[in-house]
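We count residues from 1, following the sequence as given. Keep in mind the model is a prediction, meaning the values are calculated, not measured.
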Amino acid sequence: MILPDTYAGVLFLLIVSVLMLGSWPNTLKLAGKWRFELFYFDYAFGALLAALIASFTFGSFGHELSFLDNLTLTASKRQILYAFVAGGIFNLANMLLVAAISVAGMAVAFPLVFGVATVVGVAVSAFVSSPGSPMLLLAGSGLTAAAVIVQALAYKARAAVRSDEDIAAGAGAKAVRGKQPKRKGSAAVKGILLSLFSGLLMGSFYPLVAMSKAGEFGLGPYALVFVFVAGIFTSTLLFNLFFMNLPVEGEPLLFSDYFRGKARQHALGILGGMMWCTGAMADAVATSAPEVNLSAAASYAFGRGSAVLSILWGLWAWKEFAGADARTKLLVGLMLIFFVAGLLTIALALQS
C-alpha cells in the first residue's frame with residue numbers, strides 16, 4: 001500500500017479530506033426535490049465504488065503490505081468485525097444527518113450533529129483512555145454544547161418567522177373559507193431531534209474503529225475503510241427500508257420510485273458517496289503514515305474542520321438563513337464562534 005512519508009504529503013491528504021468530507025452534502029442539495037432515501041442508495045454505491053478503486057490501486061501498489069494481504073492474511077476476524085459494525089453504526093448516524101439536512105439544512109444539521117458527537121466522543125474517550133487535559137476537554141465540550149443550544153434557538157426562530165410569513169401569505173384564502181391557518185412548528189422540532197439522535201450515534205462508533213486497527217493484527221487504512229464502507233453499503237439496504245416505509249417527511253416510498261429518478265440525480269448521489277469515501281480514505285491514510293508523527297491535536301482539528309466547512313456552505317452558498325432577522329443572525333454568529341472555539345480548545349487539550 002502507498003502511504004505518505006513527508007509532512008507535505010500528509011498535509012495534502014488532510015486538506016483533501018476536509019474539502020471532500022465538508023463538501024459532499026452539496027450533492028444532496030443539488031439533487032433538488034429528490035428524496036434523501038433514494039439519494040442514499042446511490043450514495044452508498046458511490047462510497048463502495050470509491051473504496052474499491054482506492055483499495056485495488058493505491059492500496060495494492062508500493063512496498064508496504066498490500067490491502068488484500070492485510071485483509072486476508074494478517075488482520076483478525078474480530079477486528080474486521082469491529083470495522084464492519086462501526087460502519088453500520090456510522091451509517092445510521094449519517095442517514096439521520098442526511099435526513100436532518102433535508103428537513104433543516106446544512107447550517108443547522110452540521111453544528112447540531114457534530115456538536116453533540118463531539119461532546120459524546122470526549123465523554124467516551126475520558127472513560128476509555130483519559131487523553132489530554134481534563135479541564136480543557138471540559139471547557140471545549142462546554143463551548144461545543146453552547147454552540148448546539150444557540151443554533152437550535154436560531155433554527156427555531158427562523159422556522160417561526162417563516163411560519164408567520166406562510167400564514168400571512170395564505171391568510172386571505174383561509175379567511176374566505178372561514179378557516180384559521182395553522183402554524184407549522186413541527187418541522188423545527190423534527191430537524192433538531194434528527195440531528196441530536198444522529199450526533200449521539202456519530203460520537204459513539206469511533207472506539208470500534210480504534211479497536212479494529214490496534215495491535216499487530218489490526219487493519220491498515222485501506223482495509224479499514226473498505227470494511228467500514230462495506231458496513232455502510234450493507235446496512236443501507238436494511239436501514240433504508242425503514243426510512244422509506246416510515247419517512248421523516250413526505251409519503252412512504254416504493255423501491256420502484258428509485259428508477260424514476262433522473263440520470264443527473266443518480267449521478268449526484270454516486271458523486272456524493274465517492275467524495276465522502278475519498279475524504280475518509282485520505283484522512284485514514286494521512287493519520288496512518290508511519291514516518292510522520294502527526295499530533296492528535298492536528299488530526300482532530302482537521303477532522304472537525306470538515307463540519308465547519310459544511311456549515312459555511314449552508315450559510316453562504318445555499319443562504320439557508322437569508323432573510324432572518326437580526327436576532328437570529330446574531331445567534332448564528334455566536335454559534336460559529338462557540339463551535340470553532342470549542343473545537344480548538346479540545347485540540348489544545350489533546351496536545352497537552
Side-chain angles (χ1 to χ4, degrees), residues 21-47 90-117 148 151-152 154-156 158-159 162-163 166 184-202 232 235-236 239-255 257-258 260-262 264-273 275-276 306-307 309-322 324 332:
L21 293 178
S23 300
W24 74 259
N26 290 316
T27 59
L28 174 64
K29 302 283 283 188
L30 288 168
K33 295 182 179 180
W34 188 231
R35 289 274 292 270
F36 84 87
E37 300 95 330
L38 304 176
F39 169 91
Y40 211 89
F41 282 121
D42 293 315
Y43 173 88
F45 174 73
F90 166 83
N91 195 40
L92 181 55
N94 202 48
M95 293 183 81
L96 290 169
L97 168 62
V98 173
I101 293 171
S102 298
V103 173
M106 293 166 62
V108 173
F110 272 89
L112 295 186
V113 170
F114 284 91
V116 173
V148 170
Q151 188 65 347
Y155 175 46
K156 289 190 71 175
R158 186 197 68 174
R162 289 187 174 179
S163 179
D166 291 341
K184 299 179 180 180
S186 61
V189 175
K190 185 187 299 181
I192 291 171
L193 289 177
L194 287 169
S195 299
L196 294 181
F197 284 125
S198 173
L200 290 172
L201 290 168
M202 195 72 76
I232 291 174
S235 62
T236 294
F239 295 146
N240 225 1
L241 291 176
F242 174 84
F243 285 110
M244 291 173 69
N245 286 283
L246 296 172
V248 299
E249 195 172 42
E251 297 297 322
L253 293 167
L254 298 174
F255 188 71
D257 292 327
Y258 171 81
R260 297 191 179 98
K262 299 177 181 178
R264 176 177 177 273
Q265 292 170 322
H266 290 299
L268 283 168
I270 294 171
L271 176 62
M275 289 175 66
W276 175 87
S306 59
L309 178 58
S310 294
I311 295 169
L312 296 178
W313 276 118
L315 289 174
W316 290 329
W318 296 105
K319 303 185 185 304
E320 292 174 349
F321 277 82
V332 172

- For Gly22 and Ser310, the nearest pair of non-hydrogen atoms, with its separation, is O-OG, 2.8 Å
- Met275 and Asn26: CA distance, side-chain angles, deciding distance, side-chain contact (heavy atoms from CB on, under 4.5 Å) verdict: CA-CA 10 Å; Met275 289 175 66; Asn26 290 316; over 6 Å; no
- Interatomic distance, Ile311 atom CD1 to Trp316 atom CH2 [nearest 0.5 angstrom]: 10.5 Å
- Query: Looking only at heavy atoms, which two atoms of Val103 and Tyr155 are closest? And how far apart?
  - Reply: O-OH, 3.8 Å
- Query: Within a radius of less than 6.0 Å around NZ of Lys156, do more than 12 heavy atoms belonging to other residues, nucleotides or ligands occur?
  - Reply: no
- Item | OG1-CG distance between Thr236 and Leu241, expressed to the nearest 0.5 angstrom | 10.5 Å
- The ring pair (Phe, Tyr, Trp, His ring centres under 6.0 Å) partners of Phe90 (sequence neighbours excluded) come to Phe205, Phe228, Trp276
- Flag yes if more than 12 heavy atoms outside Tyr258 fall under 6.0 Å of its OH atom; otherwise flag no. yes
- Please round to the nearest 0.5 Å and tell me the distance separating atom CG of Leu92 and atom CZ of Phe242. 9.0 Å
- Query: Atom CG in Leu96, atom CG in Leu196: separation rounded to 0.5 Å?
  - Reply: 11.0 Å
- Is the backbone N or O of Phe39 less than 3.5 Å from a side-chain atom of His266, with the two atoms forming a donor-acceptor pair by type? no
- Query: Where do Leu97 and Val113 come nearest, in terms of heavy atoms and distance?
  - Reply: CD1-CG2, 3.7 Å
- Determine the minimum heavy-atom distance between Phe321 and Ala154, stating which atoms define it. CE2-O, 3.9 Å
- Message: Are Tyr43 and Trp24, when compared by the centres of their aromatic rings, separated by less than 6.0 Å?
- Response: yes
- Query: Can you check whether Ala93's main-chain N or O pairs, donor with acceptor, with Ser198's side chain at less than 3.5 Å?
  - Reply: yes
- Item | Polar side-chain atom of Glu320 near backbone of Ala107 as donor-acceptor pair, under 3.5 Å | yes
- Task: Please report the shortest heavy-atom distance between Met244 and Leu38, naming the atom on each side.
- Result: CE-CD2, 4.3 Å
- Distance, nearest 0.5 Å, that separates CG of Leu312 from CE of Met106: 9.5 Å
- Does some side-chain heavy atom of Ser23 sit less than 4.5 Å from a side-chain heavy atom of Trp313? yes
- Item | is_close_aromatic(Tyr40, Phe243), centroid dist under 6.0 Å | no
- Query: Taking Gln265 for the side chain and Leu28 for the main chain, is one N or O donor matched with an acceptor at less than 3.5 Å?
  - Reply: no
- Backbone N or O of Gly269 within a donor-acceptor pair of the Asp42 side chain at under 3.5 Å? no
- Item | Selection residues 239-254 - residue pairs positive for side chain to side chain donor-acceptor pair (under 3.5 Å), sequence neighbours left out | none
- For atom CH2 of Trp34, decide whether the heavy atoms of other residues, nucleotides or ligands shown that lie under 6.0 angstrom number more than 12. yes
- Taking every non-hydrogen atom, the tightest pair across Ala100 and Ser195: CB-OG, 3.4 Å
- Trace of the side-chain contact (heavy atoms from CB on, under 4.5 Å) decision for Phe110 with Leu309: CA-CA 10 Å; Phe110 272 89; Leu309 178 58; over 6 Å; no
- CZ (Arg264) and CG (Leu271) are apart, to the nearest 0.5 Å, by 11.0 Å
- Verify, without hydrogens or angle tests, whether Arg35 (side chain) and Gly250 (backbone) share a donor-acceptor contact under 3.5 angstrom. no
